[in-house]
Asks: 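Below: one structure in structure tokens.
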2 protein chains.
Amino acid sequence: MLIDKELIKGSSKTVILQLLSKKGMHGYELSSQIKSLTQGAIEISEGTIYPTLHSLEADGYIESQWAESEGKRKRKVYKITSSGRKLLKERKASWNDFLKAMQSLLPVKSNILEA
Amino acid sequence: MLIDKELIKGSSKTVILQLLSKKGMHGYELSSQIKSLTQGAIEISEGTIYPTLHSLEADGYIESQWAESEGKRKRKVYKITSSGRKLLKERKASWNDFLKAMQSLLPVKSNILEA
DNA sequence: TCCTATACCTAGAAATCCAAGGTATAGGAG
DNA sequence: CTCCTATACCTTGGATTTCTAGGTATAGGA
């Protein structure tokens, strides 16, 4: 079941910040984590991931460091900053409000959010 | 309480089709209905409403008719077509799947969808 | 040696939406 | 009678976001 790709618009940054709030990750890892956590329902392509990370970094919401490990090529690992945590909090509140508002227009069975 | 306007991206057509599935409406009415049903949380501006209606009509998902009534200026009233109902069904399924997937990434308390 | 998975990146285009402007009608306030 | 406001339609240009399609590079296995 393919999800209309337009729906993710406006939520990518929030999703990335949320994942980085749990642990530092590199771009490729973020992309595959998103895909596997959603069972393939949501894919954020590399063409989106990297520019978005650069933009978040330029704005000070995340910061990066090159990391080397055995038998792996170099990776740029991103960590969320305190400013990023603040933004995440705002964006999560916004997402909640949006869901609530959408529920008035397009009711969805509440069991979707359980399990 | 202002919602990040980017979040509505990709959902406008679905919302419009959903409202038109209940009853025929004109553009201005759709815009104000969306605002009042969501207590002002979601606004779809006229700059979005009219082009979107034209696009939906061009694709055969809705159809229009000019209507006159006492003491009101002419309105263009839109009705959903059977093709539009089919599209709405698909888009609602897509929205459900998207919500479900987002829930794996960004958990939201389930009571948001109640009440 | 070649292929695949990993890992980074960018340029250009597509899609969606909004802000700001314009036109027009009806009713009420001054 | 004039002006203002609410209603009602519309378009242009731009901003934003994301994707497609390409490119580069490394490590390991076939």
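So you know, we letter chains A, B, ... as the sequences are listed, proteins then strands, and number each from 1.
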Asks: Using a cutoff of under 3.5 Å, can you pull out all pairs of nitrogen or oxygen atoms linking the protein to nucleotides 16-20 of chain C, with atom names and distances?
Replies:
| unit_1 | atom_1 | unit_2 | atom_2 | d |
| --- | --- | --- | --- | --- |
| C:dT16 | O3' | B:Gly10 | N | 3.4 |
| C:dT16 | O2 | B:Lys9 | NZ | 3.3 |
| C:dC17 | OP1 | B:Ile8 | O | 3.3 |
| C:dC17 | OP1 | B:Gly10 | N | 3.0 |
| C:dC17 | OP1 | B:Ser12 | N | 3.4 |
| C:dC17 | OP1 | B:Ser12 | OG | 3.0 |
| C:dC18 | OP1 | B:Glu43 | O | 3.4 |
| C:dC18 | OP2 | B:Thr48 | OG1 | 2.1 |
| C:dA19 | OP1 | B:Lys5 | NZ | 3.4 |

Asks: To the nearest angstrom, how far is A:His54 atom NE2 from C:dA11 atom C1'?
Replies: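 Rounded to whole Å, this separation is 14 Å.
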Asks: Taking all non-hydrogen atoms of both residues into account, name the closest pair between B:Pro107 and A:Gln18 and its distance.
Replies: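 Residues B:Pro107 and A:Gln18, closest heavy atoms: CD-NE2, 4.5 Å.
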Asks: Could you list the residues that satisfy side chain to side chain contact (heavy atoms under 4.5 Å, CB included) with A:Ser32, not counting sequence neighbours?
Replies: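 None.
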Asks: If you count heavy atoms of other groups shown closer than 6.0 angstrom to CD of A:Gln65, is the number above 12?
Replies: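 Atom CD in A:Gln65 is not crowded, with 12 or fewer foreign heavy atoms closer than 6.0 Å.
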Asks: Can you list every pair that meets salt bridge (Lys or Arg N to Asp or Glu O under 4.0 Å) and has a residue in residues 45-56 of chain B, with sequence neighbours left out?
Replies: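 Those involving residues 45-56 of chain B do not exist here.
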Asks: Roughly how far, to the nearest 0.5 Å, is the CG atom of A:Leu99 from the CG atom of B:Leu99?
Replies: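 Result: 5.5 Å between the selected atoms.
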Asks: For B:Gln39, check side chain to side chain contact (heavy atoms under 4.5 Å, CB included) against everything at least two apart and list the hits.
Replies: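 Partners of B:Gln39 by the side chain to side chain contact (heavy atoms under 4.5 Å, CB included) criterion come out as none, since no residue qualifies.
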Asks: Heavy atoms only: give me the nearest A:Leu17-A:Ile80 pair and the separation to one decimal.
Replies: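 Heavy atoms only, the tightest pair is O-CD1, 3.7 Å.
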Asks: Below 4.0 Å from chain B heavy atoms, what is the first contacting nucleotide of DNA chain D and what is the last?
Replies: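 That gives a stretch of D:dT7 to D:dT17.
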Asks: Looking at A:Glu57, A:His26, A:Lys76, A:His54, which one forms a side chain to side chain donor-acceptor pair (under 3.5 Å) with A:Ser64?
Replies: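 Going through the options one by one, the only one that passes is A:Glu57.
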Asks: Nearest 0.5 angstrom please: A:Met102 CE to B:Thr14 OG1, how far?
Replies: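 Between atom CE of A:Met102 and atom OG1 of B:Thr14 there are 6.5 Å.
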Asks: Looking at A:Arg85 and A:Glu90, does any basic side-chain N land under 4.0 Å from a carboxylate oxygen?
Replies: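 Answer for the salt bridge query: no.
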Asks: Taking Watson-Crick and G-U wobble pairs with both distances under 3.5 Å, convert DNA chain D into its dot-bracket string, 5' to 3', dots for unpaired and | for cross-strand pairs.
Replies: ||||||||||||||||||||||||||||||
Asks: Roughly, in whole Å, what's the span from CG in A:Leu53 to C1' in C:dC9?
Replies: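 Going from CG in A:Leu53 over to C1' in C:dC9 covers 12 Å.
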